[in-house]
Chemist: 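Quick one: structure below, then a few questions.
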Amino acid sequence: MIVYYDICAILIISLVLLSCLLKKMYHGRTNGLFYLLLFMMMASSVSDFFGAYIQNQGVTGEVSRTTEYMWQYIYFGTHNLILPVYLPFIFSNIGMWHEFVRNKLLKRLWIAGMVVNAVVLLSNVAYPWVFYVTENAEYQRRSGIIIFYIIAVSYMIYEIGILHKFRAIIKRDKLIVMVLLFPISALGIGIQAVLPNHLIEMFMISIALLLFSLIIRREEELLDPVTGARKYSAAHEHVKKVLSTGIPTNILLIKFVNYMNIRMYLGQEQLNDFLKEQSEILRQLARQSSVGDELYYLDDGLFALISETGDYDSMRLYAQKIRDHFLDKIMHKNFSVLADVRLCILGCPEDIDNYNTLYTFCSSFHMILPETKEVMHYPDYVNERDFKIKSQLDDIIDRAIKSRSFEMYYQPIYSITEKRFVAAEAFVRMRDEVYGMISPGLFITAAEISGAIHTIGDFILDDVCRFISMNDFIGLGLECIEVNMSTSQCIEMNLVEKVERLLKKYKLNPSMLSLEITESAVDFDPDVVDQNINRLSDIGVRFSLDDYGTGYSNVRRVTTLPVEIVKLDKTFVDGIDDPQMCIMVQETIKMLKQMGKKVLVEGVEEEKVVQKFTDLGADYIQGCEYLQGYYFCRPLPERSFIEFMQKQVQR
Ligand code: C2E
Ligand code: MG
Ligand code: MG
């Protein structure tokens, strides 16, 4: 008998074992099953070798015969287990372990195969119908061995079937290597059947196993080094698997919405520590709640727990435990951190059944769903108008751009000194065939993120200029129209040329156009913004500063920019009944006026506010020049606005 193949097999298996140990592949079920496979392979190769060795020595006698029997029993006992161990290994390796656990019939057949093998092998002790060792210690096969082959082929067919069934969720290289085991071992068995002296079978299987060691990943490679949770790439694979197999799965999204603030407060190193600590708590709570422990960190303060237990109630309880944990401040070393966490549970595939929608929802749910610390459930929102709009905004905006479905509304601005409406602010509205009129509060930010704001902004400027150029504009008593400019527009390199072209196209006096900028735009890219504002201001375009007081107010920037009017945000007016707030409003107005700015109060809804400011009078150091709000008029479509203004003029 030629035993060199077995020696090679033993060497190869030892090398694979060594490389696994050096790579510290200790953790996880897949690794465990792989070690079991290696053990079975090693035991069968060693017993095969010694069995052949005894025969090669040609030593006769009872001792040799018994030893030969022993090696052959070890060989069959372990060799017969290679394919059965391969089955759970496949399930574990492709991430379908639950399927193996859940499928009772599969498990019964799996065990039955092993039991039959064991019974047949043991019966050989009483009646040698599988193999026989002669007095000369010579090994002989008997007809019963066919049962081992039949069972082995059954396992193979079943395993090939499983790989075929789940082929869509298995990476190509992994699939190839896993399937290769079958033709490689079949080739080994074939050669050995034709040339019984060549013990090549174990050598061939060990080659297949060597390929395996290339595809088995260390569990640690799947983990995010900062949080200890699984990485984004692992979540991607998991979700793809869930969606393509349709396994009922619950996903809990856990988003730290004030992640950036916590980072600023703690610094990067402490933030990492904090996230690690919280990730451990999330996993601990998950284990206690029986929702598995597949916690993923998807970056930027977003965790996701993916549970294939299919038990929605457990997931809900788990989410509530997390909510309770984050309700209070968390002591982290010397810091007390108040984490603002949003929680949302959704089911796959019944709530979302495609990857792109799921991906978009995960990354934006905290902006789309209401601001609440309570646990949110996807189905509760899916039919709400705002939710539907927000989750399809990019498509809706594209649709609106293609069908030119934007429209400008105008809200008059009242001058306290002149006691009449002297200007108006233009607001864009988007009309959708499904959702009707959509307000800018819903779509401007999305348009800024997608870049669509440039196209929309171009339309707005053009349409407002067209409106100003109408014959009766001056007859309406209007001096200018204010146009809201988004940050992305303010940093356009060709903004000045664009505006100049429009002024020329509609033959407008530049002072009829007033651009509203916000503090965030002013601070975004000061060089470009300054250049744009100064150049436009030089040709006579006016500027106002919108929403003053809502962000952090860079007073120095306000003084240096050629801004004519500062618009006090509605939140100022809302608090005017409070004496402290009233002092603040008056002092703010005083400060702005001393800087040479005119002041407009936005969001005026009540008469008492109008009264208060008109009583103060614009000349008074604490009085403002302009008022704007629903009290006077809501934003109106162009035609209605013209009618409104005509009535005012006729008065
Ligand atoms: P903003 O420029 O500060 O506009 C004020 C918002 O308050 C407008 O909402 C207006 O309709 C509303 N408003 C006016 N008076 C009152 C009032 O008395 N009470 C209350 N509660 N609200 C009042 P809108 O039109 O939904 O716009 C929201 C924001 O969207 C705007 O805030 C502005 O930042 C942005 N936006 C609106 N139109 C445009 C546009 O054409 N271009 C750009 N880039 N942004 C726009
Ligand atoms: Mg505005
Ligand atoms: Mg405003």
Side-chain angles (χ1 to χ4, degrees), residues 386 389 393 397 400-401 405-414 421 423-431 436-467 480-492 495 498 513-522 524 529 542-551 553 563-576 599-610 613 624 626-638 640-641 644:
D386 275 14
I389 293 176
L393 256 181
I397 293 172
I401 288 177
S405 303
F406 294 96
E407 200 180 316
M408 298 314 295
Y409 276 46
Y410 295 91
Q411 185 180 38
I413 294 173
Y414 183 78
F421 297 104
E425 178 172 359
F427 296 112
V428 70
R429 298 287 180 263
M430 181 167 73
R431 190 187 294 280
M437 219 42 138
I438 300 174
S439 76
L442 276 180
F443 71 84
I444 289 286
T445 311
E448 283 176 339
I449 293 170
S450 74
I453 190 68
H454 299 288
T455 316
I456 301 173
D458 290 351
F459 162 80
I460 293 170
L461 280 171
D462 191 288
D463 204 54
V464 170
C465 289
R466 176 199 55 74
F467 174 57
C480 71
I481 297 286
E482 307 222 321
V483 181
N484 289 285
M485 298 290 285
S486 90
T487 308
S488 328
Q489 286 176 283
C490 292
I491 53 168
E492 280 176 6
L495 179 70
K498 242 185 221 174
L513 188 64
S514 172
L515 303 182
E516 280 192 11
I517 52 174
T518 57
E519 287 164 77
S520 49
V522 166
F524 188 74
V529 175
R542 303 184 192 196
F543 281 92
S544 326
L545 188 70
D546 201 0
D547 303 339
Y548 184 80
T550 50
S553 299
V563 171
E564 197 178 314
I565 299 172
V566 176
K567 302 182 82 167
L568 289 197
D569 192 70
K570 184 174 182 304
T571 43
F572 268 105
V573 183
D574 287 345
I576 202 111
V599 178
L600 182 151
V601 174
E602 285 191 288
V604 176
E605 291 180 355
E606 292 172 295
E607 185 164 4
K608 65 174 188 211
V609 180
V610 180
F613 284 108
C624 67
Y626 305 105
L627 297 174
Q628 180 185 352
Y630 291 169
Y631 173 79
F632 299 102
C633 183
R634 284 182 175 255
L636 298 171
E638 186 178 309
S640 318
F641 174 70
F644 173 86

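All ligand and atom numbering here is 1-based and tracks the order in the structure.
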Chemist: Determine if the distance from atom 34 (O) of ligand 1 to the closest protein heavy atom is below 4.0 Å.
Modeler: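 Protein heavy atoms within 4.0 Å of atom 34 (O) of ligand 1 - there are none.
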
Chemist: How many angstroms lie between CD in Glu564 and CZ in Phe543, if you round to the nearest 0.5 Å?
Modeler: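 It is 11.0 Å, given to the nearest 0.5 Å.
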
Chemist: For the CG atom of Leu636 and the OH atom of Tyr409, what is their distance to the nearest 0.5 Å?
Modeler: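 Nearest 0.5 Å value for the CG-OH distance: 8.5 Å.
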
Chemist: What residue and heavy atom of the protein are closest to atom 3 (O) of ligand 1, and at what distance?
Modeler: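 Answer for atom 3 (O) of ligand 1: Asp547 OD1, 2.9 Å.
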
Chemist: Please determine whether any non-hydrogen atom of Gln628 lies less than 4.0 Å from an atom of ligand 1.
Modeler: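 No heavy atom of Gln628 comes that close to ligand 1.
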
Chemist: Given that the side chain starts at C-beta and the backbone is N, CA, C, O, which of these parts of Pro635 lies under 4.0 Å from ligand 1, counting heavy atoms, or is it both or neither?
Modeler: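 Contact part for Pro635 vs ligand 1: side chain (C-beta onward).
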
Chemist: Under the side chain to side chain donor-acceptor pair (under 3.5 Å) test against Ser544, which residue among Lys567, Glu516, Glu482 passes?
Modeler: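 Testing each of Lys567, Glu516, Glu482 against Ser544, the sole residue satisfying side chain to side chain donor-acceptor pair (under 3.5 Å) is Glu482.
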
Chemist: In the structure I gave you, are the side-chain heavy atoms of Phe443 and Ile389 within less than 4.5 Å of one another anywhere?
Modeler: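 Not in contact.
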
Chemist: Just jot down the ligand 1 atoms closer than 4.0 angstrom to any heavy atom of Arg429, in number order.
Modeler: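 Listed by number with element: 11 (O), 25 (O).
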
Chemist: Who's closest to atom 22 (N) of ligand 1 heavy-atom-wise, of Tyr630, Tyr631, Phe459?
Modeler: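 Result: the heavy atom closest to atom 22 (N) of ligand 1 is in Tyr630.
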
Chemist: Enter the distance from Cys624:SG to Ile565:CD1 here, rounded to the nearest 0.5 Å.
Modeler: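 Separation between the atoms: 11.0 Å.
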
Chemist: Measure the shortest side-chain to side-chain distance between Leu515 and Arg542 over non-hydrogen atoms and say whether it is less than 4.5 angstrom.
Modeler: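 No. Closest side-chain heavy atoms not under 4.5 Å.
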
Chemist: Could you tell me which atoms of ligand 1, counted from 1 in the order shown, lie closer than 4.0 angstrom to a heavy atom of Glu425?
Modeler: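 So the atoms of ligand 1 that pass are 2 (O).
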
Chemist: Which ligand 1 atoms, with their elements, are less than 4.0 angstrom from a heavy-atom of Val604?
Modeler: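 Numbered from 1, ligand 1 contributes 18 (O).
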
Chemist: Do you see a protein non-hydrogen atom under 4.0 Å from atom 8 (C) of ligand 1?
Modeler: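 Within 4.0 Å of atom 8 (C) of ligand 1, protein heavy atoms are found.
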
Chemist: Atom CE in Met437, atom OG in Ser405: separation rounded to 0.5 Å?
Modeler: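 Atom-to-atom, Met437:CE and Ser405:OG are 9.5 Å apart.
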
Chemist: Go through the steps to decide whether Glu602 and Asp547 satisfy the test side chain to side chain contact (heavy atoms under 4.5 Å, CB included), and finish with yes or no.
Modeler: CA-CA 8 Å; Glu602 285 191 288; Asp547 303 339; 3.4 Å; yes

Chemist: What I'd like to find out is whether the side chain of Asn484 reaches to under 4.5 Å of the side chain of Ile444, using heavy atoms alone.
Modeler: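 They are not in side-chain contact.
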
Chemist: Who's the nearest protein heavy-atom neighbour of atom 10 (C) of ligand 1, and how far?
Modeler: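 Going atom by atom, the protein heavy atom closest to atom 10 (C) of ligand 1 ends up being Phe427 CZ, 3.6 Å.
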
Chemist: Kindly compute the distance separating CZ (Phe406) from CD1 (Ile397), expressed to the nearest 0.5 Å.
Modeler: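 Atom-to-atom, Phe406:CZ and Ile397:CD1 are 6.5 Å apart.
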
Chemist: Name the closest protein heavy atom to atom 20 (C) of ligand 1, giving the residue it belongs to and the distance to 0.1 Å.
Modeler: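 The closest one turns out to be Glu605 OE2, 3.2 Å.
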
Chemist: Keeping waters out of it, list the protein N, O or S atoms under 2.8 Å from the Mg ion (ligand 2).
Modeler: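 Less than 2.8 Å away from the Mg ion (ligand 2) sit Glu425 OE2, Asn484 OD1, Glu516 OE1, Asp546 OD2.
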
Chemist: Look only at interatomic distance and state if Asp546 has a nitrogen or oxygen under 3.5 Å from any nitrogen or oxygen of ligand 1.
Modeler: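 Yes, there is a polar N/O contact under 3.5 Å.
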
Chemist: At a 4.0 Å threshold, what atoms of ligand 1 neighbour a non-hydrogen atom of Gln411?
Modeler: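 This gives 14 (C), 15 (N) as the contact atoms.
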
Chemist: At what distance is the nearest protein heavy atom to atom 38 (N) of ligand 1, and which residue and atom is it?
Modeler: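 Residue, atom and distance for the closest contact: Val428 N, 3.3 Å.
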
Chemist: Could you tell me whether Phe467 and Tyr410 have their ring centroids closer than 6.0 angstrom?
Modeler: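 Ring centres of Tyr410 and Phe467 closer than 6.0 Å.
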
Chemist: Which atom names give the shortest non-hydrogen contact between Ala424 and Ile413, and what distance separates them?
Modeler: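 Where Ala424 meets Ile413 most closely, the heavy atoms are C-CD1, 3.9 Å.
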
Chemist: Is there side-chain contact between Arg466 and Glu638, with at least one heavy-atom pair below 4.5 Å?
Modeler: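 The answer is yes, as the side chains (C-beta and beyond) meet within the 4.5 Å cut-off.
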
Chemist: Just to be sure I'm reading this right: ignoring hydrogens, which of Thr445, Ile456, Val483, Asn484 gets closest to atom 45 (N) of ligand 1? Compare them by their nearest heavy atoms.
Modeler: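 Among Thr445, Ile456, Val483, Asn484, the closest heavy atom to atom 45 (N) of ligand 1 comes from Asn484.
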
Chemist: Which value, rounded to the nearest 0.5 Å, describes the distance between Glu425 atom CD and Ile481 atom CD1?
Modeler: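 Between Glu425 CD and Ile481 CD1, I get 10.0 Å after rounding to 0.5 Å.
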
Chemist: How far is atom 29 (C) of ligand 1 from the closest protein heavy atom, and which atom is that?
Modeler: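 Here the nearest protein heavy atom works out to Pro440 CG, 4.6 Å.
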
Chemist: Would atom 17 (C) of ligand 1 count as contacted, meaning some protein heavy atom under 4.0 Å?
Modeler: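 Yes; the ligand atom in question has protein heavy-atom contact below 4.0 Å.
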
Chemist: Hey, would you say the Tyr631 and Tyr414 ring centroids sit under 6.0 Å apart?
Modeler: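 Between Tyr631 and Tyr414, the centre distance exceeds or equals 6.0 Å.
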
Chemist: Closer than 4.0 angstrom: is that true for some heavy atom of Glu602 and an atom of ligand 1?
Modeler: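 It does; at least one heavy atom falls under 4.0 Å.
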
